[in-house]
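Each remark here refers to the structure printed beneath this line.
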Amino acid sequence: MCGITGWVSFDRDLRGERAALDAMTETMACRGPDDRGVWAEGPAALGHRRLAIIDLPGGRQPMTADTPEGTVALVYSGETYNFTELRRDLTGRGHRFTTDSDTEVVLRGYLEWGDALADRLNGMYAFAVWDGRADRLVMVRDRMGIKPFYHYPTADGVLFGSEPKAILANPLARRRVRLDGLRELFTMIKTPGHAVWDGMREVEPGTVVTVDRAGLRTRRYWELPTRPHTDDRDTTVAQVRSLLDDIVRRQLVADVPRCTLLSGGLDSSAMTALAARQLAERGEKVRSFAVDFAGQTENFVADELRGTPDTPFVHDVARTAGTDHQDIVLDAQDLADPGIRAKVIRARDLPAGLGDMDSSLYLLFRAIREHSTVALSGESADEVFGGYLQFFDEAARTADAFPWLVTMGRHLGEDTDVLRPDLTRALDLSAYVADGYRDAVAGLQRLDGESDFEYRIRRMSYLHLTRFVRILLDRKDRASMAVGLEVRVPFCDHRLVEYVYNTPWALKSFDGREKTLLREATADVLPRSVYDRVKSPYPSTQDPKYAAALQDQARELLARSGHPVFDLVDRDRLRTAADRETPVSTQAGRRGLERALDLALWLDLYRPEIALD
């Protein structure tokens, strides 16, 4: 896992632009604390920061291959889980390897197959190849969008990087955000390709972007396929288990300490238990980590989203699976610390607006990094297997809208109610979301003979797998890589995603509960308590001291009369939230405070040009 960046300028020799390349590369130091490297030749310059995972001495980058027609250079971030098979294939085709790294397999694979290599990869990756044989840059991103990747076209080429901060470090990139960028920031719809920053674009998941003197072209090498499902229940359960066993085995490969993220829910518990069983066969023990809040288990209050605290279930799994377990307990002071929130914003390059859930994730990962370099996560199982509340909510099922927005609005309230009324009118978020929804469902395919009900579920699954999951994957990647921790997501293996996406709802939820298919596929490794547990989302603190700290910070912000945040935030609305007599312990009650404070920090840290025209 690493951070990559680069610059292609067809009108200049970039060997003379070392200072700019170094600045871009150093923004990725958090993603790659173990090593750095830069390479420049003519119109191309590549930078790399390395987090060493496989072949610690041999995987240095940028990695190059000299050919009679020119140099081919690669910067690569991520993991290729089928690199052993690819290496064997390439060796049979005459390639010779000098390292044991998956990076060299990707480089040699490109030499053999060109950008068609992407079709052969199983993994999470974002990589760029400068092909000096044809003076062209090739950028490739994994199918699900697990690894971030951005580019910024210039007058004579392109800038690129794992994160926007790498691009923004180049003087050619303008730190400007227009109305459409703000619209994307204040909605949770993840428009494909949108990067919020004006002029910047994402390399979309499942695509190859090629840049040469003729311009920029995009080829989609993968999209979520629609196909009939013919397996019966027992076969489907067995196939899911077989896939999970293979996926976990592949994703446990590392030359550094590994662990699992354990929440006590079905997803992380199943993944942890499978990992523990496989490692036990080799005489190893898996480490597991969970997040908790001071006093939360003892003083937990159930609500519509969370009916039970996580910790008792976490401990049941740890005992059953025999993990070496540790709880990471956070307090309100840590969660509300503006310095921590600033680190989260720097990690995301944006004020994400998820408040204590973002701070706690960052703090959890920071604590884990003291013990492990690689962590396996249960992320994305809800999108794959249909575990969210909205999959069981008739209003969300039938609405012509992003289904998570239907339930989130009901349970979490709005975080835009602190914005200035004139800005709210200019943004017209409802129209932006409606347009985004129409674009999102335009690519959806329906099977011949598929019932209206099954088609509605397919539509929900499609939206979650092509939009919502990308929000959470980006959040997970940025928070983890900000502390140099690689988080792997077994449930995003494209083979599993494709198989389960096309499995009818009658098999995904054959007993009427969420994720029945996953529950039955892993029943033999789960404690009964987790097998029977109802879905509970990522935890959020209920400590009123956290909300009180936010109110104090909001009052301090209000005292800064000339702060640019008040070009976006309504002073009177923020004052009302700050002066509320009883601190609100629920997420819905404090979302506006969190959003306003994060916006202020972002403006202080990045000083963007906000263009409201």
Side-chain angles (χ1 to χ4, degrees), residues 224-248 263-274 307-308 313 316-317 320 378-398 403-404 406-407 444-465 468-469 490-537:
L224 195 60
T226 298
R227 58 174 72 106
H229 183 87
T230 57
D231 293 342
D232 61 18
R233 180 194 293 184
D234 290 344
T235 304
T236 301
V237 170
Q239 176 65 6
V240 168
R241 177 56 177 269
S242 176
L243 283 168
L244 286 173
D245 283 336
D246 180 66
I247 293 164
V248 170
S263 72
L266 173 62
D267 316 334
S268 67
S269 299
M271 180 271 304
T272 294
L274 291 175
T308 51
F313 299 92
D316 281 354
V317 175
T320 302
E379 187 80 84
S380 307
D382 285 309
E383 288 81 6
V384 174
F385 288 93
Y388 289 117
L389 284 175
Q390 50 264 30
F391 282 93
F392 299 85
D393 185 310
E394 190 62 21
R397 281 174 169 172
T398 57
W404 56 90
V406 176
T407 52
L444 177 62
Q445 295 179 328
R446 183 172 185 169
L447 282 176
D448 291 341
E450 192 169 44
S451 71
D452 289 343
F453 174 80
E454 283 290 351
Y455 179 65
R456 287 198 302 271
I457 295 294
R458 180 181 293 280
R459 181 178 62 190
M460 294 181 73
S461 298
Y462 180 84
L463 290 169
H464 279 82
L465 290 168
F468 191 62
V469 75
F491 290 107
C492 277
D493 185 293
H494 71 278
R495 299 169 299 162
L496 180 70
V497 171
E498 291 177 10
Y499 185 78
V500 179
Y501 171 66
N502 288 294
T503 300
W505 187 250
L507 292 179
K508 287 181 185 173
S509 179
F510 55 77
D511 64 358
R513 293 191 293 172
E514 77 277 1
K515 294 178 290 194
T516 304
L517 179 54
L518 175 60
R519 182 179 290 106
E520 291 305 310
T522 56
D524 61 310
V525 296
L526 294 172
R528 188 71 198 187
S529 61
V530 172
Y531 180 91
D532 291 332
R533 190 185 186 193
V534 175
K535 160 74 180 171
S536 184

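A salt bridge is defined here as a Lys NZ or Arg NE, NH1 or NH2 lying under 4.0 Å from an Asp or Glu carboxylate O, and Arg241 with Asp245 meets this definition. Salt-bridge formation is detected for the pair Asp452/Arg446: a Lys NZ or Arg NE/NH1/NH2 atom is positioned less than 4.0 Å from an Asp or Glu carboxylate oxygen.
Partners of Glu450 by salt bridge (Lys or Arg N to Asp or Glu O under 4.0 Å), not counting sequence neighbours, listed by chain and number: Arg458. Every residue two or more places apart in sequence or in another chain was checked for a ring pair (Phe, Tyr, Trp, His ring centres under 6.0 Å) with Tyr462, and none qualifies. Under the ring pair (Phe, Tyr, Trp, His ring centres under 6.0 Å) criterion, Phe392 pairs with Trp505, not counting sequence neighbours.
For the residue pair Tyr531 / Glu520, a side-chain donor-acceptor distance below 3.5 Å is found, with atom types taken as modelled. A donor-acceptor pair shorter than 3.5 Å can be found between the side chains of Asp316 and Ser529.
In this structure a side-chain-to-backbone donor-acceptor pair under 3.5 Å is present from Lys508 to Val500. Looking only at distances, a side-chain donor or acceptor of Arg533 sits under 3.5 Å from a matching main-chain atom of Gly264.
Heavy-atom minimum distance, Pro527 versus Thr320: CB-OG1, 3.5 Å. Nearest heavy-atom pair across Ala521 and Val240 is CB-CG1, 3.8 Å.
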(Q) Using side-chain hydrogen bond (donor to acceptor under 3.5 Å, both in side chains), reason through Tyr388 and Glu514 one step at a time and then give a plain yes or no. (A) CA-CA 8 Å; Tyr388 289 117; Glu514 77 277 1; over 6 Å; no
